[in-house]
Amino acid sequence: MFITKSLFVEYINSPKLAWYHVNDKKTHKKIQEHVHGGMDWAAIGQSVEDMVRKLYAGKTIADIDTKNLGFKARHKTYHTLSSKALDQNADVIYQAGFATDKLFVKTDFLVKNELWTYDLMEVKSKNSIRSNNKDHTLVDELVTDVSFQKYVLEKTLGAKFSWNCYLVYLNKEFRKHGEINPQDIILQELVTDDLMTDDAIERILATVESDLSLSLADFNKKFPYDGSDYFTYFGEEPPKKSIRNITGIVQDKKKELYEAKKILIDDITDEDILGILSNKDGGESRSSKFMNLRRQGETTIDKEEIKKRLATLKFPLFFYDYETVSFPIPTFEWLGPRGQTVVQYSVHKIDEDLSTGTPTLIITHKDCIVNPGETSNKRIIDQLVTDLEHGNGTYIVRNKSFECGRNKESSLLYPEHAEALEKINANTFDLMTLFSDMLYFDRRFLWSSSIKKVLPVLTDISYDTLEVGNGGDAMKLLYEIQQGHLTGAELEQSVINLLTYCEQDTRAMVRIWEVIKEKIA
DNA sequence: TATGAACGCGCATTGAGCGA
DNA sequence: TCGCTCAATGCGCGTTCATA
């Protein structure tokens with residue numbers, strides 16, 4: 001068994017995931033897809049590694065030719081090829097791989113320093129590598145990642161390794177102005193002092209192989225619960241009524257219930273609700289509230305509180321929604337790494353017409369989308385502020401931290417709109433809170449307050465028939481359009497699909513508002 | 001009067017849930 | 001992946017109170 005870097009990191013994070021990695025590749029893949037949400041973030045936009053390569057322009061970069069590695073002896077062959085590049089004293093070696101009898105590591109960049117030894121450069125597509133706490137400790141996962149690499153390089157490179165380990169990541173202060181200079185957007189930080197000792201690594205390595213060679217039954221005996229009970233179901237979708245689906249339940253409480261052999265929501269007793277699931281002081285927590293409501297029946301509506309909240313909404317109402325793009329290397333002017341850019345919006349305006357004596361509602365729709373080749377969203381924000389009528393209304397969104405966050409950024413970029421955007425934020429109502437505060441509770445929402453879960457229960461609107469049916473697809477397509485990759489009929493159809501998708505999002509919010517009004521009437 | 005258990009307060013940290 | 005918000009909990013520290 002070769003212990004690779006990713007296996008080592010997995011083993012420390014979640015031994016069970018590592019077990020599947022070695023013994024059941026299919027399940028391992030399934031679990032990973034589940035954990036990462038199935039969205040392929042790495043595949044779009046210019047990669048950070050390309051930008052790092054530009055950083056080394058002027059130096060000789062050796063690429064390891066891995067085309068004909070074969071399968072059986074691939075680690076050894078990789079090692080031989082990489083050692084050759086080292087012997088030729090290349091300035092920079094990209095994606096070298098080194099193996100001992102048991103360990104294998106693939107490095108991002110090895111860079112020759114003035115002493116003619118090699119520094120390790122691990123590239124991360126991240127804005128920060130340290131926790132936001134007092135000591136600014138290096139993120140755990142990065143510690144294990146780089147520590148393992150250092151350990152293997154010590155064993156394999158000998159005197160050619162400088163023992164200097166750098167993390168190479170994105171400068172979150174960077175803002176794009178025209179062509180990006182790699183020096184400005186890439187940061188390199190020496191992290192050798194933050195790493196694990198060789199002793200610590202060896203202690204872990206001593207157990208990895210034997211643990212991962214256990215039968216599943218024996219493995220589960222040794223690791224009965226390891227943090228995420230998703231694995232408890234052996235890679236299968238857990239039963240719908242698993243305790244993992246109790247809203248707001250924290251890991252410790254899940255573990256406590258699991259150890260008391262309470263796997264399903266129906267196993268939970270009154271004592272559990274008053275004990276484990278309640279706050280430390282015995283008061284109602286989110287999870288005990290969820291359980292209490294669930295016991296009352298399929299649907300529970302706090303009509304009075306909802307009425308009170310909806311009464312604060314003053315016409316005209318603007319239901320609006322953004323689509324954004326965000327990439328490690330920004331594609332829009334004035335944006336930073338992973339900055340979110342509003343590239344599309346949809347607004348449904350509802351006004352009350354009192355002229356005929358009986359109040360009637362007038363609904364109008366407006367939208368806007370990025371043009372091919374556009375490198376700033378000024379046009380879109382200008383139009384937005386006009387369509388939202390400069391803040392003179394009530395604004396309804398789902399999950400207001402997202403839209404309001406974007407508005408704050410826009411007001412910094414375009415000070416001329418700051419006043420309007422601040423007014424919009426101040427007059428924003430978050431439709432999601434009716435569900436996240438469990439004022440409108442329905443078992444069929446499947447423990448979520450996301451509008452996408454609420455929608456099929458309350459309305460007959462469906463995303464199944466749409467060409468673009470989720471935010472991830474939308475982001476990819478919007479990137480293609482902005483980059484000018486699409487032309488002619490393909491471009492035309494993509495724009496139509498995106499506009500349809502975004503319009504449906506705001507129309508869905510309007511429908512939910514209407515349905516709730518009927519229910520509480 | 002010295003001591004330590006118990007309490008309460010504010011700040012810091014962590015984690016769930018959400019969006020793209 | 002990132003960043004935001006909110007809830008829950010942890011931590012430090014000073015105050016209070018019972019007791020020897």
Side-chain angles (χ1 to χ4, degrees), chain A residues 35-45 47-48 124-137 139-142 169-170 172 227-228 244-255 276-290 320-330 335-346 370 377 397-409 425 428 430-438 445-454 468-479 498 501-502 505-506 509:
Chain A
V35 172
H36 295 118
M39 230 190 200
D40 188 5
W41 296 98
I44 37 180
S47 85
V48 178
K124 292 291 171 199
S125 171
K126 289 162 94 59
N127 275 351
S128 69
I129 57 173
R130 296 188 176 273
S131 306
N132 196 18
N133 56 21
K134 250 196 351 235
D135 299 333
H136 298 285
T137 46
V139 171
D140 286 351
E141 203 183 298
L142 299 179
Y169 61 106
L170 296 163
K172 65 169 179 263
S228 166
R244 75 196 293 280
N245 291 322
I246 295 171
T247 300
I249 192 169
V250 294
Q251 291 287 351
D252 284 358
K253 301 197 166 181
K254 259 193 278 188
K255 188 176 179 203
I276 297 176
L277 288 180
S278 292
N279 288 340
K280 255 180 79 182
D281 58 15
E284 192 176 54
S285 67
R286 274 178 68 70
S287 45
S288 65
K289 183 173 184 183
F290 172 86
Y320 80 101
D321 183 51
Y322 289 152
E323 301 301 322
T324 65
V325 290
S326 159
F327 304 106
I329 307 293
L335 256 281
R338 297 191 177 278
Q340 301 258 9
T341 319
V342 176
V343 287
Q344 184 185 354
Y345 66 80
S346 163
V370 69
N377 70 347
V397 297
R398 45 172 181 173
N399 192 12
K400 76 183 204 181
S401 72
F402 188 72
E403 267 73 20
C404 292
R406 301 295 79 72
N407 289 343
K408 267 187 212 154
E409 289 159 6
N425 280 0
T428 292
D430 190 342
L431 199 58
M432 195 176 77
T433 55
L434 301 181
F435 306 103
S436 58
D437 292 346
M438 293 184 254
F445 294 160
L446 303 178
W447 41 86
S448 167
S449 54
S450 155
I451 300 292
K452 291 244 158 70
K453 288 283 195 316
V454 168
V468 174
N470 63 65
D473 290 351
M475 192 187 279
K476 269 183 203 166
L477 213 47
L478 283 159
Y479 173 74
L498 282 164
Y501 167 71
C502 199
D505 269 348
T506 49
M509 284 196 281

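Since the structure is predicted, the reported quantities are computational estimates derived from the model, not experimental observations. Each chain gets a letter, A, B and so on, in the order the sequences are listed, and its residues count up from 1.
We find that CE of A:M475 is positioned 9 Å from P of B:dA20, with the value rounded to whole Å. Taking atom NZ on A:K408 and atom P on C:dC2, their separation rounds to 20 Å, with Å as the unit. Rounded to whole Å, atom P of B:dA20 lies 10 Å from atom CD1 of A:I451. When the P atom of B:dC18 is taken as reference, atom CZ of A:R406 falls 18 Å away, rounded to whole Å. Following rounding to the nearest Å, A:Y345 (OH) and B:dG19 (P) show an atom-to-atom distance of 22 Å. For A:W447 and B:dA16, the CH2 to C1' distance is 16 Å, given to the nearest whole Å. Residue A:F435 contributes atom CZ, which lies 22 Å from atom P of C:dT5 at whole-angstrom precision. Per the geometry, CD belonging to A:E409 stands 10 Å off P belonging to C:dG3, to the nearest Å.
Of the candidate nucleotides B:dC18, B:dA20, C:dC2, B:dA20 has the atom nearest to the side chain of A:D321. Side-chain proximity of A:S285 to the nucleotides C:dA8, B:dA20, B:dC18 is greatest for C:dA8. You'll find that the side chain of A:M432 is closest to B:dC18, out of B:dC18, C:dC2, C:dT5.
In this structure, A:K126 reaches the C:dC2 phosphate: one of its side-chain N or O atoms is under 4.0 Å from OP1 or OP2. Distances shorter than 4.0 Å separate none of the side-chain N or O atoms of A:N399 from OP1 or OP2 on C:dC4. Note on A:S450: a side-chain N or O is less than 4.0 Å away from OP1 or OP2 of B:dG19. Considering only side-chain N and O atoms, A:S326 lies nowhere under 4.0 angstrom from the phosphate OP1 or OP2 of C:dC2. Checking the phosphate oxygens (OP1, OP2) of B:dG17, no side-chain nitrogen or oxygen of A:R398 falls inside 4.0 Å.
Across all strands shown, A:E403 has no heavy atoms under 4.0 Å from either base or sugar-phosphate atoms. As judged by a 4.0 angstrom heavy-atom cut-off over every strand, A:S449 is placed among residues touching the sugar-phosphate backbone only. As judged by a 4.0 angstrom heavy-atom cut-off over every strand, A:G405 is placed among residues making no nucleic acid contact.
With no hydrogens or angles considered, a side-chain donor-acceptor pair links A:S125 and A:R338 at under 3.5 Å. Looking only at atom types and distance, the side chain of A:Y322 has a donor-acceptor partner in the side chain of A:N407 under 3.5 Å away.
Here the side chain of A:Q344 pairs a donor or acceptor atom with the backbone of A:L498 at under 3.5 angstrom. Between the side chain of A:N425 and the main chain of A:C404, a donor-acceptor pair closer than 3.5 Å is present.
Residues A:V397 and A:Y320 form a side-chain contact, since some pair of their non-hydrogen atoms from C-beta on lies under 4.5 Å apart.
Of the two residues contacting DNA chain C, namely A:K253 and A:F402, the nearest-nucleotide position lying further toward the 5' end is that of A:F402. Mapping A:S401 and A:S287 onto DNA chain C by nearest heavy atom places A:S401 closer to the 5' end of the strand.
Salt bridge status for A:R406 with A:E409: present, with a side-chain N to carboxylate O gap under 4.0 Å.
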